[in-house]
Q: 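This structure is in structure tokens; I'll ask about it shortly.
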Amino acid sequence: MRLSRYFLPVLKEDPAEAEIISHRLMLRAGMIQQLSAGIYNWLPLGWAVLRKVEQIVREEMDRSGAIEILMPTIQPADLWIESGRYNAYGPEMLRIRDRHERAMLYGPTNEENVTDIFRRHVQSYRQLPLNLYHIQWKFRDEVRPRFGVMRGREFLMKDAYSFDLDYEGARRAYDNMFVAYLRTFRRMGLTAIPMQAESGPIGGNMSHEFQILASTGESAVYYDAAFEDIDLAADEVDMERLKSLYAAADEKHDPDACPVPAERLRAGRGIEVGHIFYFGTKYSEPMRATVAGPDGESVPVEMGSYGIGVSRLVGALIEANHDARGIVWPDAVAPFRVGIVNLRHDEPACTRLADDLYGRLRRAGVDVLLDDRDERAGAKFATMELIGLPWQVTIGPRGARAGMIELKRRRDGDMAELGLDAAVERILA
RNA sequence: CGGGGCGUAGCUCAGCCUGGUAGAGCGCCAGCUUUGGGAGCUGGAUGCCGCGUGUUCAAAUCACGCCGCCCCGACCA
């Protein structure tokens with residue numbers, strides 16, 4: 001992409017409305033724009049990141065054996081009356097009426113909807129286990145939306161739903177998601193700490209929330225250092241060990257009673273980005289989602305649900321990856337892998353070199369942003385630092401005559417003066 | 001939902017107390033100069049001063065009502 005033809009409305013000053021760092025940086029980097037309280041437009045740069053995050057979530061869900069579907073944002077109230085949640089959910093649910101005065105709602109979650117899909121198509125235990133997920137916009141009418149996309153009213157969520165014949169099966173499904181979540185966050189360069197949690201309005205009696213570590217996180221967490229080097233590559237992850245590792249929120253952590261030896265105890269701050277629940281037959285019973293077991297008897301299915309706040313993750317990623325000059329994207333989610341700054345677009349030697357590198361990287365399948373604007377060096381550097389692409393290439397008259405460019409890593413500022421071949425090679429490595 | 005605050009140019013904000021022709025910086029447009037860390041000079045465009053009602057000869061400014069947004073607390077992917 002050529003920046004002169006892109007849509008990247010960066011702001012020089014912090015907007016007054018933004019308090020936390022990720023919100024300020026997302027607004028300044030032209031990623032999002034607020035439309036209403038807790039409701040945002042995703043501009044090209046933000047949308048690019050959101051899609052990368054979404055894709056990683058999707059790939060890890062697929063890898064876990066879950067199957068993607070897409071349920072609508074708008075649901076009929078009937079299903080919620082059937083499950084008993086229509087009245088239970090409260091004012092967080094946006095209730096609407098269609099032209100025929102039928103009660104509808106903008107889905108805050110999809111247990112009812114997916115249970116309805118299940119019961120209409122699955123009758124036998126032989127079709128189990130089953131895990132259906134989708135990635136769809138949700139709406140929860142929060143009393144106080146804040147912190148940009150971290151706590152919006154409209155947000156993109158991945159929600160998966162598992163169906164099993166019995167508790168043992170449900171337990172395996174739960175553990176399977178547990179590992180998938182750790183893999184998902186690690187792929188984004190984040191350390192996630194799973195913590196036992198209250199199950200809240202979703203219901204059920206087994207629940208973990210996943211907090212990713214960031215110095216600006218909203219809650220203090222204490223955890224066993226072993227979380228930082230769990231082997232997630234193995235096909236069979238040791239669940240017993242994993243679930244026995246210590247992790248506790250501030251209010252539950254008792255330094256005197258803590259089972260972790262001091263040298264292995266870590267303290268950090270966390271942001272909740274995922275939550276998994278086992279809730280058994282809470283929905284399958286009232287909604288009569290049953291299957292025939294091996295003995296021919298009809299039993300309600302055992303269910304669980306598993307959420308990841310995809311849009312929240314974009315904010316959380318920035319909270320965990322920024323410095324004084326701007327965002328520092330992890331490679332896996334960066335909107336572009338490389339940013340090329342052509343300092344002198346009116347200097348043929350510079351422009352030739354910039355265009356050459358741009359073309360070669362694109363042909364190699366690399367997302368690259370070329371700053372070909374008629375701006376001064378300072379403005380271009382400031383923009384590049386702000387949007388935080390992993391690799392920055394600077395092309396100026398000093399090196400261009402000798403065919404040399406400067407390649408800099410955003411994360412640590414490591415800089416090298418290289419020829420084109422060497423630069424391409426290093427970026428592709 | 002309790003408490004606090006803010007709505008004035010695209011952005012950041014001054015002006016309001018004490019009513020009298022709507023301002024600054026940045027940004028934007030044109031020209032000239034400049035060109036390795038958010039340039040300089042000259043000229044220019046840009047506003048239902050959140051909305052409504054009232055008071056007044058006169059309202060961005062005072063009063064009342066409404067709407068929107070932000071922050072702190074209690075709750076959540």
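First the proteins, then the strands, lettered A, B, ... as listed; each starts at 1.
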Q: Which letter, B, S or -, goes with each nucleotide of nucleotides 31-40 of chain B from 5' to 3', with contact meaning a protein heavy atom under 4.0 Å?
A: ---BBBBBB-
Q: Examine B/G68: is either OP1 or OP2 under 4.0 Å from a nitrogen or oxygen in the side chain of A/Q34? Give yes or no.
A: no
Q: Say we look at B/G73 and B/G52: how far apart would their P atoms be, to the nearest angstrom?
A: 36 Å
Q: Can you tell me how far C1' of B/A77 sits from CD of A/Q136, to the nearest Å?
A: 14 Å
Q: What is the distance, rounded to the nearest whole Å, between atom CD of A/E142 and atom P of B/C1?
A: 14 Å
Q: Mind checking A/G152 for me? I need base, sugar-phosphate or nothing, with any heavy atom below 4.0 Å counting as a touch.
A: base
Q: Between B/C75 and A/R140, counting only base atoms on the nucleotide and side-chain atoms on the residue, is there a donor-acceptor pair under 3.5 Å?
A: no
Q: Please state how far atom CZ in A/R144 lies from atom P in B/G3, giving the value in whole angstrom units.
A: 14 Å
Q: For B/C49 versus B/G15, give the span between their C1' atoms, rounded off to a whole number of Å.
A: 10 Å
Q: Rounding to an integer number of angstrom, what distance separates B/G44 and B/G4 when you compare their P atoms?
A: 48 Å
Q: Considering only the C1' atoms, how many Å lie between B/A60 and B/G50, rounded to the nearest integer?
A: 12 Å
Q: Where the side chain of A/V143 is concerned, which of B/C72, B/A77, B/A74 is the nearest nucleotide?
A: B/A74
Q: Check whether any side-chain N or O of A/R146 sits under 4.0 Å from OP1 or OP2 of B/C71, and answer yes or no.
A: no
Q: Which residue pairs pass the salt bridge (charged side-chain N to carboxylate O under 4.0 Å, His left out) test when at least one of the two sits in residues 29-41 of chain A, sequence neighbours left out?
A: none
Q: If the condition is salt bridge (Lys or Arg N to Asp or Glu O under 4.0 Å), which residues does A/R63 pass it with, not counting sequence neighbours?
A: A/E60
Q: For A/Q211 and B/A77, what is the distance between atoms CD and C1' respectively, to the nearest whole Å?
A: 11 Å
Q: Mind checking the P distance from B/G10 to B/A63? Whole angstroms is fine.
A: 27 Å
Q: Counting only side-chain heavy atoms from C-beta out, which of B/C71, B/A77, B/C69 sits nearest to A/A37?
A: B/C69
Q: According to the Watson-Crick and G-U wobble definitions, with both distances under 3.5 Å, which nucleotide is paired to B/G25?
A: B/C11
Q: CZ of A/R2: more than 12 outside heavy atoms within 6.0 angstrom?
A: yes
Q: Give me each pair satisfying salt bridge (charged side-chain N to carboxylate O under 4.0 Å, His left out) with a member in residues 386-407 of chain A, each pair once, sequence neighbours excluded.
A: none
Q: What residue pairs, at least two apart or across chains, pass salt bridge (charged side-chain N to carboxylate O under 4.0 Å, His left out) with a residue in residues 66-78 of chain A?
A: A/R58-A/E68
Q: Sequence neighbours excluded, which residues qualify as salt bridge (Lys or Arg N to Asp or Glu O under 4.0 Å) partners of A/D346?
A: A/R344
Q: If I take atom CZ in residue A/F147 and atom P in nucleotide B/C70, what distance separates them, rounded to the nearest angstrom?
A: 11 Å
Q: For the pair made of CD in A/E218 and C1' in B/C71, what is the distance, rounded to whole Å?
A: 15 Å
Q: Below 3.5 Å between N/O atoms, which protein atoms pair up with nucleotides 42-47 of chain B? Just atom names and distances, please.
A:
none

Q: Would you say B/C69 has OP1 or OP2 under 4.0 Å from some side-chain N or O of A/S36?
A: yes
Q: Pick the C1' atom in B/C51 and in B/C57, then give their distance to the nearest Å.
A: 25 Å
Q: Short of 4.0 Å, heavy atom to strand atom, which residues of residues 170-195 of chain A count as contacting RNA chain B?
A: none
Q: Between B/U55 and B/G65, how many Å separate the two C1' atoms, rounded to a whole number?
A: 15 Å
Q: Only counting residues at least two apart or in another chain, list the ones meeting side-chain contact (heavy atoms from CB on, under 4.5 Å) with A/A379.
A: A/E375
Q: In chain order, what residues pass the ring pair (Phe, Tyr, Trp, His ring centres under 6.0 Å) check against A/F210, with sequence neighbours excluded?
A: A/F178, A/Y181
Q: With sequence neighbours left out, write down each residue that passes side-chain contact (heavy atoms from CB on, under 4.5 Å) with A/I67, or none if nothing qualifies.
A: A/L130, A/L132
Q: Does a salt bridge link A/R352 with A/D355, judged by any charged N lying under 4.0 Å from a carboxylate O?
A: no
Q: Starting from P on B/C76, measure out to CE on A/M157 and report it in whole angstrom.
A: 14 Å
Q: Side chain of A/R153, backbone of A/A37: donor and acceptor closer than 3.5 Å?
A: yes
Q: Do the side chains of A/E111 and A/R85 get close enough for a salt bridge, i.e. N-O under 4.0 angstrom?
A: yes
Q: What are the two closest heavy atoms between A/E272 and A/E218, and how far apart are they?
A: N-OE2, 4.4 Å
Q: May I ask which nucleotide in the shown strands pairs with B/U46, Watson-Crick or G-U wobble, both distances under 3.5 Å?
A: none
Q: Please enumerate all residues that pass side-chain contact (heavy atoms from CB on, under 4.5 Å) together with A/A88, with sequence neighbours excluded.
A: none
Q: Mind checking who B/C57 pairs with, Watson-Crick or G-U wobble, both distances under 3.5 Å?
A: B/G20
Q: So what does A/E17 hit on the nucleic acid, given a heavy-atom distance under 4.0 Å: a base, only sugar-phosphate, or nothing?
A: sugar-phosphate
Q: May I have the distance from A/F155 (atom CZ) to B/C76 (atom P), rounded to whole angstrom?
A: 13 Å
Q: Give a yes or no on whether a salt bridge exists between A/R409 and A/D331, defined as a side-chain N under 4.0 angstrom from a carboxylate O.
A: no
Q: Identify the nucleotide, in any strand shown, that forms a Watson-Crick or G-U wobble pair with B/G68, with both distances under 3.5 Å; if there is none, say none.
A: B/C6
Q: Could you identify the nucleotide paired to B/C41, looking across every strand shown and requiring Watson-Crick or G-U wobble geometry with both distances under 3.5 Å?
A: B/G31
Q: Return whichever of A/P15 or A/F210 has its heavy-atom-nearest nucleotide of RNA chain B closer to the 5' end.
A: A/P15
Q: Answer with base, sugar-phosphate or nothing: what part of the nucleic acid does A/D159 contact at a heavy-atom distance below 4.0 Å?
A: nothing
Q: Report the base-pairing partner of B/C76 (Watson-Crick or G-U wobble, both distances below 3.5 angstrom), or none.
A: none
Q: With rounding to whole Å, what would you report as the distance between B/C41 and B/C26 at their P atoms?
A: 9 Å
Q: Let me know, please, whether A/G38 or A/G274 comes out on the 5' side of the other along RNA chain B by nearest nucleotide.
A: A/G38
